[in-house]
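Here's the structure, in C-alpha cells; my notes come after.
Side chains are part of it too, since the values below use all heavy atoms of this structure and drop only hydrogens, waters and symmetry mates. A note on names: the letters A, B, ... follow the listed sequences, proteins ahead of strands, and every chain is numbered from 1.
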Amino acid sequence: MTVRTRFAPSPTGFLHIGGARTALFSWAYAKKHGGQFILRIEDTDVARSTPEAVQAILDGMHWLGLDYDEGPFYQMQRMDRYKDVIQGMLAAGSAYYCYSSKEELEALRESQMQQGLKPRYDGRWRPEEGKVLAAPSADIAPVIRFKNPKDGHVVWNDLVKGEISIANQELDDLIIARADGTPTYNFCVVVDDWEMGITQVIRGDDHVNNTPRQINMLKALGATIPQYAHLSMILGDDGQKLSKRHGAVSVMQYHEDGFLPEAVLNYLARLGWSHGDEEIFSMQQFCEWFDLDHITPSAAQFNTEKLKWLNAHYIKQADKQSLASDISLRLAQLGVTVAAQPDLSAVLDLYKERANTLNELAESIVYFYQKPAMDALAAEKHLTDDIKPALQKLTTILTTCDWNAEAIHHAINDVVTEFQLKFPKVAMPLRVLICGIAQSPSIDQVMVLLGREEVLARVSTFK
RNA sequence: GUCCCCAUCGUCUAGAGGCCUAGGACACCUCCCUUUCACGGAGGCGACCGGGGUUCGAAUCCCCGUGGGGACGCCA
C-alpha cells in the first residue's frame with residue numbers, strides 16, 4: 001500500500017514553528033516511502049477561518065519548500081459529502097439528533113466538574129432500547145451526535161508513543177454536526193482521512209484524545225483505520241508553552257529575521273528526531289533517514305542559539321548569487337543602496353563567515369556603501385594623537401602604492417617598522433576610521449574592496 | 001477534578017539489560033591560530049527525577065511516588 005500522509009492545518013493564523021515541524025515530518029515520511037503528501041485546509045470553523053490565514057500557511061510551506069502532491073483541499077468545499085455521510089449514519093443508527101440547549105449542556109458540565117467528574121454529555125437524547133425520549137422542543141435546532149460505544153477500550157499502537165488504551169466509558173457522544181447543519185472537526189477529519197486514503201496520520205500531541213473517537217467513527221463507517229503518530233509539542237526558548245500571546249512566531253518571521261529555510265528545516269528536523277550524532281544534513285539526506293522510530297515522545301524546548309549556529313553554517317554554504325540578491329534586498333530595507341563598487345559578492349565572500357543571520361550580515365557591510373557612524377568608545381581608544389604621524393606617513397604611501405592586499409599590508413608594515421610600533425597600533429586606528437568600529441575582517445582586504453579614493457577620504461578625517 | 005501522555009548535561013539529543021568511567025551537538029570556560037572581531041582547531045565544565053522491585057547485572061524492564069504537559073467546546 002502506498003504511503004499517504006497529510007498536513008491539515010486550520011486557517012486561523014499563520015504557520016507557526018510547531019505546525020511547520022508536523023508538516024515537515026509528514027512530508028519527509030511520504031518522501032521516504034515514495035508516497036504522497038497531501039495538504040488539507042480544515043476551514044470548517046467559519047467564524048475563525050480567514051483567507052489571509054490560508055495564504056499565510058501556503059506562503060510558509062512554500063518558503064520552506066514543503067511541496068505537496070495533492071491539494072490544497074478545502075473542507076468547506078466538501079460539505080455535501082460530509083452531509084451525505086451523516087445522513088447515512090443517521091439511517092444506520094450510529095448517529096442521532098440531540099435537542100439539548102447550550103445552556104443546558106453548560107449547566108451539566110459545571111455540576112459534573114463540581115462533583116469531581118470528567119465533564120461529558122450524559123446521553124439524554126441517545127436512543128436506547130426500551131428508553132423513552134422526551135418530546136423535542138420545537139424552538140431548539142438539534143445537533144447531531146455520534147453514538148459512541150459504551151463498553152470496551154479503544155487501543156491503538158501509536159507510532160511515537162507506543163500502545164495507548166482509552167476506555168469507551170471515558171468518551172461521550174460527540175457532536176458531529178452543529179445546529180446549523182455544518183459538520184464539526186472530528187467528523188470531517190474522519191471522512192477525509194478515510195476518503196483521501198491516508199495511511200499514517202502524523203499530527204500534534206493535542207490530538208491524542210481525539211483519536212479514540214475518530215477510530216470509533218471510522219469503525220462505524222466500516223473504514224480502514226490509519227496508523228497514528230502523535231508528535232509532542234514544542235516549547236518556547238524559556239520552556240513555556242508556545243501560544244499566540246507567547247512566542248509562537250510565524251515561520252515567515254524567521255525569514256524576516258534573516259534565517260535561511262535550510263537552517264530552519266535542519267533545526268526542526270533535529271527537534272524531536274535524531275539519527276545518531278548527525279546534526280547537519282540536507283533535506284534529501286533527511287528524507288532518506290527519516291523514520292518514526294527515532295522520534296522522542298517528550299516535549300522539546302526551542303533553542304534559538306542552536307538555530308543561529310545552523311544558520312551561520314548555511315550562510316557559509318549559500319549560493320553566491322542568491323545570497324547577494326537576498327542581502328541587497330535587506331540592505332535596501334535598511335535604506336542602503338548597493339553601488340556597483342565595491343562588488344557585493346566580493347564583500348560577502350569576506351563577511352559571510354562572520355554572521356549568524358542574514359540581517360546581521362547586511363548590517364555588518366553597510367559601511368561599504370555609506371560612511372559609517374563613528375563608535376565613540378573605539379575612537380577614544382584607538383584614535384590617539386600619538387598615532388597621527390604614522391597615519392600621515394601611511395596616507396602618503398597609500399596614495400601611490402599598488403592597490404592590492406599584499407601591497408597595502410606592506411605599506412602598513414613599513415610604517416610599523418619605521419615608527420617602531422606593533423602592527424595593531426596602526427591597524428586598529430585605520431580600522432576604526434574606515435569601518436567606524438574596532439572589528440572587521442583583515443583590514444588590508446577591506447581596504448582593497450573599499451577602494452583607494454574612499455579609504456583616503458575616510459582616513460583623512462583624522463588630522 | 002477526571003482521563004491520557006511524558007521524564008538522560010542549562011538546551012537538543014545518543015542509548016532497545018552488560019559495548020556507559022553515559023556519547024554527540026548548541027551555549028559557556030580555557031588555550032591555539034591571529035591584525036581587532038569572528039571563523040577554524042584542541043581541551044574543559046556539565047545529566048540518567050526519587051523510592052522500591054525483577055536480574056549475576058538496569059539509564060534501559062515492572063510498580064509506586066514526585067514533577068511537567070495535554071485533553072475534557074455546537075474550536076481545530
Side-chain angles (χ1 to χ4, degrees), chain A residues 8-12 42-45 47-49 75 98 100-102 105-106 109 112-120 141-145 158 160-162 164-167 169-172 174-180 182-186 188-189 203-212 230 232-233 235 237 239 241 267 270-280 293-294 296-310 312 316 351-356 364 378 382 409 412-413 416 422-428 430-432 435 437-444:
Chain A
S10 66
T12 54
E42 312 219 316
D43 53 358
T44 52
D45 184 355
R48 293 198 301 163
S49 297
Q75 291 188 321
C98 165
S100 293
S101 69
K102 285 187 187 181
L105 260 17
E106 187 51 44
R109 250 196 294 277
Q112 286 168 328
M113 286 283 253
Q114 271 176 2
Q115 292 172 63
L117 298 170
K118 185 176 184 169
R120 54 193 197 262
V143 297
I144 299 171
R145 289 185 184 269
D158 196 276
V160 171
K161 293 177 182 289
I164 298 178
S165 167
I166 292 172
Q169 283 182 352
E170 295 295 330
L171 274 21
D172 61 0
L174 82 164
I175 293 171
I176 58 177
R178 303 178 178 90
D180 66 3
T182 57
T184 58
Y185 162 76
N186 267 299
C188 298
V189 168
R203 64 187 1 170
D205 195 298
D206 48 336
H207 289 288
V208 167
N209 293 279
N210 291 324
T211 306
H230 287 101
S232 288
M233 58 185 313
L235 273 22
D237 263 308
K241 186 197 171 184
Y267 179 75
R270 278 289 288 104
L271 201 58
W273 176 85
S274 60
H275 186 264
D277 291 338
E278 301 293 342
E279 294 287 351
I280 294 178
D293 297 338
H294 290 83
T296 341
S298 53
Q301 189 170 316
F302 197 89
N303 184 218
T304 306
E305 288 304 316
K306 189 161 181 181
L307 206 212
K308 281 185 184 170
W309 170 73
L310 278 165
K316 285 174 211 159
Y351 262 93
K352 67 181 178 189
E353 302 218 328
R354 318 168 65 83
N356 284 325
S364 69
H382 299 291
H409 186 79
I412 299 172
N413 242 341
V416 163
K422 297 270 187 198
F423 196 98
K425 190 66 186 160
V426 176
M428 289 310 292
L430 203 51
R431 177 171 279 124
V432 171
C435 310
I437 54 172
Q439 301 82 37
S440 84
S442 184
I443 194 61
D444 43 27

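- On the C1' atoms, B/rG15 is 9 Å away from B/rG23, given to the nearest whole Å.
- Between B/rC6 and A/Ser232, no contact under 4.0 Å exists linking OP1 or OP2 to a side-chain N or O.
- Rounded to whole Å, the distance from CG on A/Asn210 to P on B/rC72 is 7 Å.
- Across the protein-nucleic acid pair, A/Gln301 atom CD and B/rU11 atom P stand 6 Å apart, rounded to whole Å.
- For A/Leu105, whose side chain is taken as the heavy atoms from C-beta onward, the closest listed nucleotide among B/rA76, B/rC74, B/rG1 is B/rC74.
- Among the protein residues, A/Lys316 comes within range of the sugar-phosphate backbone only, with heavy atoms under 4.0 Å from sugar or phosphate atoms but none that close to a base.
- The separation of B/rA14 from B/rG50, taken at their C1' atoms, amounts to 24 Å, rounded to a whole angstrom.
- Distances shorter than 4.0 Å separate none of the side-chain N or O atoms of A/His207 from OP1 or OP2 on B/rG70.
- The listed nucleotides are B/rA76, B/rU13, B/rC72; the one nearest the side chain of A/Ala300 is B/rU13.
- For B/rC6 and B/rG65, the C1' atoms lie 16 Å apart once the distance is rounded to whole Å.
- Between the CG atom of A/Leu271 and the NZ atom of A/Lys306 there is a distance of 9.0 Å, given to the nearest 0.5 Å.
- Among the atoms of the strands shown, only primed sugar atoms or phosphate atoms (P, OP1, OP2) are found under 4.0 Å from some heavy atom of A/Pro297.
- Atom name C1', nucleotides B/rC32 and B/rA38: the rounded distance is 15 Å, in whole Å.
- The CG-P distance, from A/Asp205 to B/rA7, rounds to 12 Å in whole Å.
- Side-chain contact check for A/Glu278 versus A/Arg270: every heavy-atom pair is 4.5 Å or farther apart.
- Using C1' as the reference atom, B/rC9 and B/rG46 are 5 Å apart when rounded to the nearest Å.
- Using modelled atom types, one side-chain atom of A/Arg120 and one backbone atom of A/Gln169 make a donor-acceptor pair closer than 3.5 Å.
- B/rA59 is unpaired under the Watson-Crick or G-U wobble criterion, no partner having all donor-acceptor distances under 3.5 Å.
- Of the candidates B/rU36, B/rC5, B/rU13, B/rU36 carries the atom nearest the A/Gln439 side chain, counting heavy atoms from C-beta on.
- With a cut-off of 3.5 Å on both Watson-Crick or G-U wobble distances, the partner of B/rU2 is given as B/rA71.
- In a base pair of the Watson-Crick type (N1 to N3 plus N6-O4 or O6-N4) or a G-U wobble (N1-O2 and O6-N3), with each distance short of 3.5 Å, B/rA14 is matched with no nucleotide.
- Backbone-only engagement by A/Gly272 is indicated by non-hydrogen atom pairs under 4.0 Å involving sugar-phosphate atoms exclusively.
- In this structure the side chain of A/His275 never reaches within 4.5 angstrom of the side chain of A/His294, judged on heavy atoms.
- A/Leu271 comes within 4.0 angstrom of sugar-phosphate atoms only, judged by non-hydrogen atoms across all strands, and of no base.
- Between atom CD of residue A/Glu42 and atom OG1 of residue A/Thr12 there is a gap of 11.0 Å, rounded to the nearest 0.5 Å.
- Taking the side chain as every heavy atom from C-beta outward, A/Ile412 and A/Ile443 approach each other to under 4.5 Å.
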- [ ] Take A/Ser442 and A/His409 through the side-chain contact (heavy atoms from CB on, under 4.5 Å) test and state the conclusion after the steps.
- [x] CA-CA 10 Å; A/Ser442 184; A/His409 186 79; over 6 Å; no
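- At whole-Å resolution of the value, CD1 in A/Ile166 and P in B/rC72 are 12 Å apart.
- Each of A/Asp180 and A/Phe302 lies near RNA chain B, and the nucleotide nearest A/Phe302 is the one positioned closer to the 5' end.
- Heavy-atom nearest nucleotides on RNA chain B were determined for A/Ile175 and for A/Met113, and the one closer to the 5' end corresponds to A/Met113.
- Nearest to the side-chain atoms of A/Arg109 among the listed nucleotides B/rU2, B/rG73, B/rA14 stands B/rG73.
- Nucleotides B/rA16 and B/rU21, compared at atom C1', are 22 Å apart to the nearest Å.
- A/Asp237 places its CG atom 9 Å from the C1' atom of B/rU11, with the value rounded to the nearest Å.
- If you check every strand for non-hydrogen atoms under 4.0 Å, A/Thr182 touches nothing.
- Of all nucleotides listed (B/rU2, B/rC12, B/rG70), B/rG70 comes nearest to the side chain of A/Asp206.
- Searching all strands for a Watson-Crick or G-U wobble partner of B/rG43 with both distances below 3.5 Å returns B/rC29.
- Contact between the side-chain N/O atoms of A/Lys241 and the OP1/OP2 oxygens of B/rG70 is found at a separation under 4.0 Å.
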Task: Evaluation steps, side-chain contact (heavy atoms from CB on, under 4.5 Å), between A/Thr44 and A/Thr182 - done: CA-CA 8 Å; A/Thr44 52; A/Thr182 57; over 6 Å; no
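- A/Thr12 comes within contact range of no nucleotide atom at all, as no heavy-atom separation falls under 4.0 Å.
- As the counterpart of B/rC20, no nucleotide is assigned, since no Watson-Crick or G-U wobble pattern has both distances under 3.5 Å.
- A 4.5 Å side-chain heavy-atom check between A/Ile144 and A/Cys98 finds every atom pair outside the cut-off.
- A/Thr304 comes within 4.0 angstrom of no nucleic acid atom, judged by non-hydrogen atoms across all strands.
- Residue contacts shown for A/Lys161 are limited to sugar-phosphate atoms, with no base heavy atom under 4.0 Å away.
- Here B/rA7 sits opposite B/rU66 as a Watson-Crick or G-U wobble pair (both hydrogen-bonding atom distances under 3.5 Å).
- Between A/Phe302 and A/Tyr267, the ring-plane angle classifies as perpendicular under the 30° and 60° cut-offs.
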Task: Base-contact (B) and sugar-phosphate-only (S) positions in nucleotides 22-35 of chain B, heavy-atom cut-off under 4.0 Å, - elsewhere - done: -BBBS--------B
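- Side-chain contact between A/Val432 and A/Ile437 is absent, with no heavy-atom pair separated by less than 4.5 Å.
- Closest to the side chain of A/Val208, out of B/rU13, B/rC74, B/rC4, is B/rC4.
- Nucleotides B/rC5 and B/rC61 place their P atoms 15 Å apart, quoted to the nearest Å.
- The CD atom of A/Gln112 sits 14 Å away from the P atom of B/rC3 (whole-angstrom rounding).
- Using a 4.0 Å heavy-atom distance criterion, A/Asp43 is classed as making no nucleic acid contact.
- One can place CD1 of A/Ile437 at 11 Å from C1' of B/rA38, the figure rounded to the nearest angstrom.
- Using a 4.0 Å heavy-atom distance criterion, A/Ser440 is classed as a base contact.
- Remark: the A/Thr211 side chain and the A/Arg203 side chain contain an N/O donor-acceptor pair separated by less than 3.5 Å.
- With both ends at atom P, the span from B/rU36 to B/rC12 equals 37 Å, rounded to whole Å.
- Between the P atom of B/rA14 and the NE2 atom of A/His294 lies a distance of 8 Å, rounded to the nearest Å.
- Looking at heavy-atom distances under 4.0 Å, A/Ala179 makes contact with a base.
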